[in-house]
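In what follows, a structure is listed as structure tokens, so that the remarks can point back to it.
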2 protein chains.
Amino acid sequence: MGINDACAAIKKYKRFLITVHTSPEGDALGAEVAFYNLVRKLGKSAIIVNEDKPPYGYDFLCKNKPIHLLSKKEKNIKFDCFVALDCADLKRTGKVYGLNKNNNPVLNIDHHISNNFFGRINWVDPEASSCSEMIFKLFKKLRQKIDKDTALALYTGIMTDTGSFRYSNTTAFTFQAAGELLKYGVNVPYVYRNAYENIPLSDIKLLLRILPKIKFYSQGRIIGFEIKKELIKIKRPSIDLADQLLSFGRSIKGAEVVVLFKENSGEKNQVRVNLRSQGKVDVNKIASFFQGGGHKTASGCTLVGSIEEIEKEVITKIQSYLI
Amino acid sequence: MGINDACAAIKKYKRFLITVHTSPEGDALGAEVAFYNLVRKLGKSAIIVNEDKPPYGYDFLCKNKPIHLLSKKEKNIKFDCFVALDCADLKRTGKVYGLNKNNNPVLNIDHHISNNFFGRINWVDPEASSCSEMIFKLFKKLRQKIDKDTALALYTGIMTDTGSFRYSNTTAFTFQAAGELLKYGVNVPYVYRNAYENIPLSDIKLLLRILPKIKFYSQGRIIGFEIKKELIKIKRPSIDLADQLLSFGRSIKGAEVVVLFKENSGEKNQVRVNLRSQGKVDVNKIASFFQGGGHKTASGCTLVGSIEEIEKEVITKIQSYLI
């Protein structure tokens with residue numbers, strides 16, 4: 001099943017409930033806003049319902065958009081097709097799937113290689129940089145014009161999921177799509193600034209307390225950071241500090257694995273471990289050993305114990321994987 | 001004069017001396033390597049001579065390339081066309097221009113708006129993201145095949161001059177060119193990693209000593225950093241720390257101007273001041289006031305005095321420009 005089945009479903013059904021995964025990021029939000037615009041252009045009715053709010057800083061994309069958060073009001077929405085975007089598994093839609101009481105057909109459009117084809121109609125393309133790139137293809141296939149608002153949504157999705165065109169998922173088609181979207185009025189530095197250059201001063205201050213405590217193991221082949229709960233208690237960060245720290249770690253020459261240990265503020269003694277690899281070490285194997293998972297270059301696990309003990313244990317495990 | 005004149009010159013002349021500006025970066029290096037490959041494909045002879053070495057980390061682009069550094073040996077090179085790439089002014093070629101003793105025609109290919117048309121043949125396109133994007137156009141115009149080596153050079157130039165496709169110079173054509181270059185075998189994360197993620201541990205340690213001393217003026221609308229000469233004495237940095245610090249400063253919400261003060265290690269009491277604006281404040285005016293210059297969003301000046309006094313003076317000037 002592929003794009004043609006997705007197009008057939010879009011033509012067939014009349015009322016769409018559109019959702020994405022919990023903790024949505026740029027690609028999920030961009031894809032759903034664009035998909036909403038697409039079906040509306042075709043004269044269909046549609047509603048977007050998400051379990052979680054957009055992350056900090058995404059007002060530029062989500063303001064004045066028909067994105068509903070799950071509440072009592074949404075319980076009786078009528079629809080004939082449930083659309084899950086950017087979800088590898090139906091569970092990723094969170095409680096929103098509970099709205100499909102009548103077991104209406106599910107349309108699954110996603111680019112994750114781990115997608116389990118949970119829909120009645122599935123279009124899964126792991127070669128696509130992003131779900132937004134797939135929605136771009138739908139616009140072309142259905143010969144619908146891309147307006148400025150849709151171009152912003154699609155461009156934001158593509159840009160954020162490729163890390164501003166730097167990850168290996170960036171293809172010739174990705175560039176071609178981005179180039180076309182610019183013609184509809186996307187402002188490149190505006191999107192970049194909103195997605196990446198809007199860190200609140202309070203978060204910067206937190207980062208500057210964590211960064212200098214960077215740890216180097218195995219002659220700098222392993223880079224470690226820790227976020228202790230005392231620190232987060234002072235002021236809850238608006239952005240995902242992990243992203244910033246892991247990407248700082250990756251910029252260091254010779255760093256093969258970057259690992260972040262974060263004490264959970266809620267649960268007792270839980271430590272979240274995030275792992276990033278530059279390619280040589282398969283960090284999915286390491287995370288799996290500790291009952292976590294992910295990909296070869298990005299994975300995570302949650303352990304119970306003191307942060308010091310967990311650090312020792314995980315670092316020893318990573319070291320055993322250095323060749 | 002435009003691309004057609006450049007093509008005519010390439011066809012007419014037989015022996016090219018190719019150079020770029022002093023302190024070459026990714027775009028200058030990418031453009032000259034690609035231009036060299038272009039004229040060689042056309043059966044011409046060519047030599048690249050630069051005044052300065054490529055910056056740290058550019059081995060991936062320059063290794064085994066015919067890039068000569070100016071020395072006695074180069075003094076008697078025979079050529080019939082002097083090619084200056086990515087230079088707004090002939091002076092930017094440094095001492096290399098001294099090789100043009102016979103006043104051979106100069107071919108000037110550049111994308112800086114401030115270019116002063118110093119060549120006998122000039123092709124200046126301020127709309128181009130980079131000089132490499134212009135060389136890409138030459139390959140198309142002259143119907144020459146782009147090989148893998150050339151694609152790497154052109155892609156590196158385009159990527160670095162657009163800050164990985166995030167600055168306002170990124171156009172629809174830029175994306176189109178990048179997309180085509182990928183088809184010839186460019187490895188996107190490889191280029192990104194080499195250009196941006198290869199900071200030596202010793203430089204990271206320097207950065208982590210400077211970053212926490214960040215200064216906030218005018219409720220964080222001005223961000224300041226300082227690099228004192230004592231710090232640099234410990235270990236001379238391999239990378240340009242200024243780039244890292246200025247771009248960290250730009251990522252802070254509400255920052256309108258980022259300013260870096262750097263004590264020159266050689267000259268007595270000289271302080272180099274680099275200014276970056278997010279667009280509202282014209283930092284060229286500020287730099288010009290102190291006998292420096294640049295663009296509206298990026299400029300610099302050099303002052304003499306104690307770093308503390310200079311900081312006070314420059315910050316007061318910037319504050320007078322905040323609306």
Side-chain angles (χ1 to χ4, degrees), chain A residues 57 159 162-184 186-193 195-205 207-209 211-214 216 219-220 223 238-239 244 247-255 278-279 297, chain B residues 56-57 159 162-184 186-193 195-205 207-209 211-214 216 219-220 223 238-239 244 247-255 278-279:
Chain A
M159 192 206 74
T162 58
S164 197
F165 309 96
R166 76 190 208 228
Y167 301 142
S168 57
N169 59 349
T170 309
T171 66
F173 183 77
T174 309
F175 279 124
Q176 192 186 312
E180 189 179 327
L181 292 171
L182 253 58
K183 293 180 187 162
Y184 309 124
V186 172
N187 182 329
V188 168
Y190 170 81
V191 179
Y192 189 90
R193 199 173 302 154
Y196 296 118
E197 297 186 332
N198 239 333
I199 308 178
L201 211 57
S202 51
D203 287 5
I204 287 285
K205 287 177 182 171
L207 277 173
L208 289 178
R209 293 183 63 170
L211 275 174
K213 291 184 184 151
I214 186 172
F216 305 103
Q219 295 83 47
I223 306 290
S238 304
I239 62 151
Q244 300 291 324
S247 110
F248 185 88
R250 282 170 65 131
S251 72
I252 304 172
K253 189 179 179 180
Q278 289 287 34
T297 55
Chain B
Y56 167 85
M159 192 205 75
T162 58
S164 196
F165 309 95
R166 75 191 209 227
Y167 301 143
S168 57
N169 59 349
T170 310
T171 66
F173 183 77
T174 309
F175 279 124
Q176 194 186 310
E180 189 179 327
L181 292 171
L182 253 57
K183 293 181 186 162
Y184 308 124
V186 172
N187 181 330
V188 168
Y190 170 80
V191 179
Y192 188 90
R193 200 173 302 154
Y196 297 118
E197 298 186 330
N198 238 333
I199 308 178
L201 211 56
S202 51
D203 286 5
I204 287 285
K205 287 177 182 170
L207 277 174
L208 290 178
R209 291 183 65 169
L211 275 174
K213 291 183 183 151
I214 187 171
F216 304 104
Q219 295 84 48
I223 306 290
S238 305
I239 62 152
Q244 300 292 323
S247 109
F248 185 88
R250 282 170 66 130
S251 72
I252 304 173
K253 188 179 179 179
Q278 289 287 32

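In what follows, chains carry the letters A, B, and so on, assigned in the order in which the sequence lines appear, proteins first and then strands, with residues in each chain numbered from 1. All of these numbers come straight from a predicted model, not from anything done at the bench.
- Two residues are said to be in side-chain contact when any heavy atoms from C-beta on lie closer than 4.5 Å; Thr174(B) and Asn169(B) fail this criterion.
- A cation-pi geometry, defined here as NZ or CZ lying under 6.0 Å from the six-membered ring centre and within 45° of its normal, does not hold between Lys253(A) and Tyr56(B).
- Note on Ala255(B), Pro212(B), Ser164(B): by heavy-atom pairs under 4.5 Å with chain A, the leading option is Ser164(B).
- Between chain A and the residues Tyr190(B), Tyr192(B), Tyr167(B), the most heavy-atom pairs under 4.5 angstrom are made by Tyr192(B).
- Of the atoms belonging to Leu181(A), not a single heavy atom falls under 4.5 Å from chain B.
- If you take CG on Asn198(A) and CD1 on Ile252(B), they are separated by 11.0 Å, rounding to the nearest 0.5 Å.
- Atom CD in Gln176(A) sits 11.5 Å away from atom CG in Leu182(B) (nearest 0.5 Å).
- Leu207(B) has its side chain out of reach of Phe248(B): every pair of non-hydrogen atoms, C-beta onward, lies at least 4.5 Å apart.
- Of the listed residues (Gly279(B), Ser168(B), Gly57(B), Pro189(B)), the one with the most heavy-atom contacts under 4.5 Å to chain A is Pro189(B).
- Contact annotation for Tyr196(A): only backbone heavy atoms (N, CA, C, O) come within less than 4.5 Å of a heavy atom of chain B.
- Of the residues considered (Arg166(B), Met159(B), Arg193(B)), Arg166(B) shows the highest number of contacts with chain A, using heavy-atom pairs under 4.5 Å.
- Residue with the most contacts toward chain A among Ile199(B), Ile204(B), Leu201(B): Ile199(B) (heavy-atom pairs, distance under 4.5 Å).
- Within the 4.5 angstrom heavy-atom criterion, no atom of Phe173(B) approaches chain A.
- In this structure, OG1 in Thr171(A) is found 9.5 Å from NZ in Lys183(B), a value given to the nearest 0.5 Å.
- The aromatic rings of Phe165(A) and Phe165(B) sit perpendicular, their planes meeting at an angle over 60°, well past the 30° parallel limit.
- Contact annotation for Gln278(A): both backbone and side-chain heavy atoms come within less than 4.5 Å of a heavy atom of chain B.
- Among Val186(A), Thr170(A), Ile223(A), Thr162(A), the residue making the largest number of heavy-atom pairs under 4.5 Å with chain B is Thr170(A).
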